[in-house]
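Written out below as structure tokens is the structure these notes cover.
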Amino acid sequence: MEDKSTKVSVADQASEPVPYLSVVIRSRNEEKGLRPVFEALQAQRCSFPWEVVVVDNESEDGTRALCNEFNVRVVRIGRNEFTYGRASNLGISNARGTLVLLLSAHSLPVGSYFLESAVSPFSDPAIAAVRCLRSDAEHIKNWYRPIDIQYQSEEDQKRAESGLDWTRNYPAANGCVIRRSVWDQVKYDEEIESGEDKLWASKVLSLGFKIRCCAEAIYIYTRKRRKIDEWKRHNMDYKALYRFSGYVPLPWSRFLLRTLRAILVAPLVAGRHVLETFIWNFCLVTIPWQAKRNHRAGSLREFDRHN
């Protein structure tokens with residue numbers, strides 16, 4: 001049977017006068033991460049035309065040459081001008097699509113129908129944004145089906161945004177699609193150092209729009225940060241969150257309690273690690289002896305019901 005879908009590669013986009021979707025990627029020295037992302041996009045099977053716009057933050061590696069190789073449009077932003085919100089606004093303002101996919105240089109789309117799946121919810125005019133799913137995200141098991149976020153009142157939204165869970169649920173700029181006409185009403189905050197995507201979603205939801213958490217569009221986040229870099233990033237995120245919501249992640253009382261608990265538990269953790277390491281290594285070194293024993297048939301005990 002003939003496949004009637006239209007495959008639009010990155011290289012074909014220059015000939016597309018009116019793309020339905022624009023893929024906007026913020027980048028600084030991301031040549032290594034961008035190549036597989038471009039290749040994954042090139043493999044997409046779509047029923048609509050699309051384009052890629054890279055917002056380049058004075059890259060010093062081969063990022064621009066790579067963009068030329070894939071015929072990707074590049075918009076430049078200076079190091080002293082850069083904030084996440086400003087870079088996103090710049091990319092979207094240069095995009096031509098009715099919809100805009102904000103994608104990280106480390107967000108690798110899964111499957112050849114990623115773009116098609118990501119934009120399909122926009123048949124509902126109330127949808128302002130679609131959150132794509134990161135495969136290793138915390139609590140991803142809760143998103144096995146699409147879920148809509150929409151509030152009936154200001155009180156409902158305040159209650160939902162009183163803790164921290166809402167920041168995990170709202171779309172992130174490393175993998176989400178937004179409606180361009182909604183962005184025309186609400187721009188990303190260009191001053192805050194982080195969390196501009198969560199703040200944008202909160203403002204949009206307060207206007208009565210709906211956000212879809214889409215179980216069909218999944219991406220893999222390929223960047224591996226060092227522990228110290230993870231701490232720095234989380235620290236920046238919490239600072240931004242405190243500035244626009246007043247959320248305090250850890251009061252002094254809990255800090256002291258956690259410190260005391262860590263001191264008391266440290267010897268037990270070390271002892272458990274030594275014991276587990278010894279048991280597992282003993283199992284490995286005795287494999288030849290274990291293999292000589294008769295194989296036992298029957299179901300595995302780990303599936304026995306425990307009351």
Side-chain angles (χ1 to χ4, degrees), residues 8 10 12-30 33-34 37-38 41 44 46 48-59 63-64 66-68 70-107 109 115 118-119 121-122 125 127-132 170-207 209 211-212 219 240 244:
V8 185
V10 176
D12 293 334
Q13 294 165 57
S15 62
E16 293 291 342
V18 185
Y20 176 61
L21 173 71
S22 297
V23 182
V24 173
I25 304 174
R26 302 176 303 208
S27 174
R28 173 171 168 77
N29 295 331
E30 300 289 3
L34 276 174
V37 171
F38 286 166
L41 291 173
Q44 294 298 299
C46 297
F48 52 83
W50 52 277
E51 66 174 354
V52 177
V53 178
V54 167
V55 182
D56 184 65
N57 183 212
E58 296 186 6
S59 291
T63 294
R64 295 183 188 178
L66 182 68
C67 290
N68 289 335
F70 283 87
N71 291 328
V72 169
R73 193 148 51 95
V74 177
V75 179
R76 294 177 173 82
I77 185 171
R79 292 186 65 177
N80 294 332
E81 303 173 83
F82 180 87
T83 64
Y84 288 112
R86 187 171 294 130
S88 291
N89 286 336
L90 178 62
I92 297 169
S93 66
N94 282 273
R96 298 176 295 164
T98 302
L99 304 177
V100 178
L101 167 61
L102 296 175
L103 199 65
S104 166
H106 306 284
S107 297
L115 295 183
V119 305
F122 286 94
I127 295 285
V130 166
R131 170 195 171 180
C132 303
Y170 287 8
N174 56 13
C176 72
V177 186
I178 68 171
R179 198 184 292 274
R180 173 66 182 266
S181 60
V182 176
W183 175 84
D184 287 335
Q185 299 178 52
V186 182
K187 303 293 193 298
Y188 285 96
D189 190 302
E190 297 190 354
E191 301 301 323
I192 201 161
E193 65 266 55
S194 180
E196 78 296 336
D197 42 9
K198 311 298 183 179
L199 182 58
W200 181 88
S202 177
K203 291 179 179 178
V204 165
L205 287 167
S206 70
L207 296 177
F209 287 103
I211 289 177
R212 171 73 54 83
Y219 65 94
F244 64 72

> Would you call I25 and F38 a side-chain contact if the rule is heavy atoms closer than 4.5 Å?
Replying inline: yes
> So do F209 and V186 actually touch side chain to side chain, heavy atoms under 4.5 Å?
Replying inline: no
>> How close do Q185 and L207 get, counting heavy atoms only, and between which atoms?
In response: OE1-CD1, 4.3 Å
>> Would the distance check show the side chain of S93 and the main-chain N or O of L90 forming a donor-acceptor pair, the cut-off being under 3.5 Å?
In response: yes
> Considering only heavy atoms from C-beta outward, does the side chain of V53 approach that of V100 to under 4.5 Å?
Replying inline: no
> Got a sec, which pairs hit salt bridge (Lys or Arg N to Asp or Glu O under 4.0 Å) with one end in residues 198-207, sequence neighbours left out?
Replying inline: none
> Can you find a heavy atom in the side chain of W200 that is under 4.5 Å from one in the side chain of Y170?
Replying inline: no
> At their closest point, which heavy atom of E191 faces which heavy atom of D189, and how far apart are they?
Replying inline: N-OD1, 2.8 Å
> Is a side-chain donor-acceptor pair under 3.5 Å present for Y219 with N174?
Replying inline: yes
>> Taking the side chain as everything from C-beta on, heavy atoms only, tell me whether C176 gets closer than 4.5 Å to D197.
In response: no
> Within the distance-only criterion (no hydrogens, no angle test), does the side chain of R179 pair as donor or acceptor with the backbone N or O of I127 below 3.5 angstrom?
Replying inline: yes
>> Could you measure the distance from the CD1 atom of I77 to the CZ atom of R28? Nearest 0.5 Å is fine.
In response: 11.5 Å
> Of all heavy-atom pairs between D56 and R64, which one has the smallest distance, and what is that distance?
Replying inline: OD2-NE, 3.0 Å
> If every non-hydrogen atom of C67 is compared with every non-hydrogen atom of V74, which pair is closest and at what distance?
Replying inline: CB-CG2, 3.6 Å
> Where is the tightest heavy-atom contact between A95 and R180, given as atom of each residue plus distance?
Replying inline: O-NH1, 2.9 Å
>> For E81, give me all partners under salt bridge (charged side-chain N to carboxylate O under 4.0 Å, His left out), at least two apart in sequence or on another chain.
In response: none
> Do V37 and S107 have side chains that get closer than 4.5 Å, going by heavy atoms?
Replying inline: no
>> Checking E58 now: which residues fulfil salt bridge (charged side-chain N to carboxylate O under 4.0 Å, His left out) with it, not counting sequence neighbours?
In response: none
> Are F48 and T98 close enough that some pair of their side-chain heavy atoms sits under 4.5 Å apart?
Replying inline: no
>> For a quick test of reading the model, state the closest non-hydrogen atom pair linking V52 to W50 and the distance between them.
In response: CG2-CZ3, 3.6 Å
> Does some side-chain heavy atom of V54 sit less than 4.5 Å from a side-chain heavy atom of F70?
Replying inline: no
